[in-house]
2 protein chains.
Amino acid sequence: MKQKIIYSEVQCTKHISAVEDALYVLGGKWKLRIIIALISGHNRFNELQRIIKGISARVLSNELKQLELNGLVERVVQADQVPVVIEYIATDYAATLKEVVGALADWGQKHKKKITANR
Amino acid sequence: MKQKIIYSEVQCTKHISAVEDALYVLGGKWKLRIIIALISGHNRFNELQRIIKGISARVLSNELKQLELNGLVERVVQADQVPVVIEYIATDYAATLKEVVGALADWGQKHKKKITANR
DNA sequence: GTTAGTAGTAAACTAAAGGTTAGTAGTAAC
DNA sequence: GTTACTACTAACCTTTAGTTTACTACTAAC
């Protein structure tokens, strides 16, 4: 007898669609990278562009807007300073991504070790 | 005083590149969905195409090849059966993704609740 | 007065990802 | 003998994502 079916079709579909919902918000090349940088305390536009290698101003700008729409980032204008300084802050809600980011980073590290060991 | 800098620049970059390594293997619209379906016990080509809504045969075929190259999937030919049946099996290595998938699914679920609650 | 930094935007382009349609070759049911 | 299922593949097309270059408007240093 095979003991293949761990989840029913319905459960599997549910599981897939939950991941789908997460990827809708976090998917793409840059969003998670931006969130990590923000959580790490890099908050200003040019600072982000410097630390996130390869991202263009246009893409960074667009991604920040989307993250703001999803409640993960807050755009704070420091009007008292000259020139006006703008900070992007990871919200408390973004902190709920810690486990996701942690799991991905752990796995990525392990995977890299595995790959480099095999050569 | 601000207590902004939680990670140094170097640590942040390391963290980002680990996630980058993970996304290189898992990124794109379909790979995680396929892995979930495989782990859930759906192993045959048309079965996968049925359960993963919207994927085309071409894309499924390509993605499975890439997952095989990365050691996450094994292609097993059941030569004794007529017609020859082909099974795609999630490897033990793919099981190391459980935490990643779990974290993403949890977050996706919570996020959906949050979104639907706000309307 | 030129260079550099602040935070971006606009337009035009390219590359990558994914979708559509059709077709193969074999089996088996109706 | 037509339909349908198996597991795909080829060719072509579209969409989306991302890049490049240039530009704004303001400040400050050299």
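Lettering follows sequence order; numbering is per chain, from 1.
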*By side-chain contact (heavy atoms from CB on, under 4.5 Å), which residues pair with A:E68, not counting sequence neighbours?*
A:R75

*Hunt down the Watson-Crick or G-U wobble partner of D:dT16, both distances under 3.5 Å, from any strand shown, or write none.*
C:dA15

*Separation of A:E47 atom CD from C:dG5 atom P, in whole Å?*
14 Å

*asked:* Pairing check on C:dG26: which nucleotide meets the Watson-Crick or G-U wobble criteria with it, both distances under 3.5 Å?
replied: D:dC5

_Between C1' on C:dG26 and CD1 on B:I86, what's the gap in Å once rounded to a whole number?_
12 Å

_Tell me if the aromatic rings of B:Y24 and A:W107 count as close, with their centers under 6.0 Å from one another._
no

_Separation of atom CG in A:L23 from atom P in C:dG18, rounded to whole Å_ = 12 Å

*What's the CZ-P distance between B:R44 and D:dT6, to the nearest Å?*
7 Å

_Would you say that more than 12 heavy atoms from the other residues, nucleotides or ligands in this model lie under 6.0 Å from the CD of B:E99, or not?_
no

_Residue whose nearest DNA chain D nucleotide is more 5′ - B:R75 or A:W30_ = B:R75

*Could you tell me which nucleotide pairs with D:dA11 by Watson-Crick or G-U wobble geometry, both distances under 3.5 Å, or answer none if nothing does?*
C:dT20

*So which of residues 50-65 of chain A are in contact with DNA chain D, with a heavy-atom cut-off of under 4.0 Å?*
A:G54, A:S56, A:R58, A:V59

*B:Q49 has an atom CD; how far is it from atom C1' of C:dT21, in whole Å?*
13 Å

_The single option from B:I35, B:I55, B:L67 passing side-chain contact (heavy atoms from CB on, under 4.5 Å) against B:W30_ = B:I55

*A:N46 vs C:dG5: side-chain N/O to OP1/OP2 distance below 4.0 Å*: no

*Could you state the atom-to-atom distance from CD of B:Q78 to C1' of D:dA7 in whole Å?*
14 Å

*Can you name the closest pair of heavy atoms from A:K31 and A:L26 and give their distance?*
CB-O, 3.6 Å

*Is a side-chain donor-acceptor pair under 3.5 Å present for A:H111 with B:Y93?*
yes

_To check you understand the geometry: which heavy-atom pair defines the closest contact between B:E74 and B:T91, and what is its length?_
N-CG2, 4.0 Å

